[in-house]
Structure formats: structure tokens, C-alpha cells
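I'd like to ask you about the structure that follows.
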Amino acid sequence: MAGDDKTKPIVIKCIRKGGGTHGGAWKIAYADFITALMAFFLLMWLLGSTTKAQLQGIAQWFKNPEQVSLMGGPGSGLSNAILPGGGSNLDKTVGEMYK
């Protein structure tokens, strides 16, 4: 048995002490919260900077979006007019007012 040179395999044990890391799921939840907070802030800022007529136009659009966008109406901005201010006379560069 002196001629048998058998060596034992080397075993390395890694012992982890403590809890380690807690993961990064809280970062995702925090980023979602901050994004929602920013969207809410922008909504409040935009609603605070609009006039009463614009708010009524927005409310009308949410009640019936197809009617406002296709037929015109308050809040549509007279989008079917060629010239700013409305009218159909192309000789006037400033535009005519609807009567």
C-alpha cells in the first residue's frame, strides 16, 4: 500500500455569512412610482395652464371624440379652415372671421 499514491480530492467550501443582497425589485417599484408621480404633475400643470374654453373643449372631446374631430365645435380649433382665423378667401393673408 505504500506504492498506492492516491490523493484525496480537494474540496473547497464556500460559506456565506449574512443574508447577502436583498435584490433590486424595490428599484423597479420606485421607478414606477416616480414615473406615475411625474405624469400626475404634468397633468395638473397642463390643466392649470389652460383657459376655461380649452377645458370645455377637452371635456367635449372626451364626451364624443368623433363629433368634435370630424364636425368641428368648441375646442376643435377650426381645424378645417385653410387660413388662420378661418374663412375661405385666399387673397387675404391674415384670414377672415367666420360670420
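If you read the sequence from its start, that first residue is 1, and numbering goes on from there. None of these values were measured; they are calculated from a predicted model.
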* Could you pull out all residues at least two apart from Met44 that satisfy side chain to side chain contact (heavy atoms under 4.5 Å, CB included)? => Phe40, Leu47
* What is the distance from atom CG of Leu42 to atom CG of Leu37, rounded to the nearest 0.5 Å? -> 10.0 Å
* Under a single-linkage definition using a 4.5 Å side-chain heavy-atom cutoff for Ile, Leu, Val, Met, Phe, Trp and Tyr, are Phe62 and Leu46 assigned to the same hydrophobic cluster? -> no
* Asked: Roughly how far, to the nearest 0.5 Å, is the OG1 atom of Thr50 from the CH2 atom of Trp45?
  -> 11.5 Å
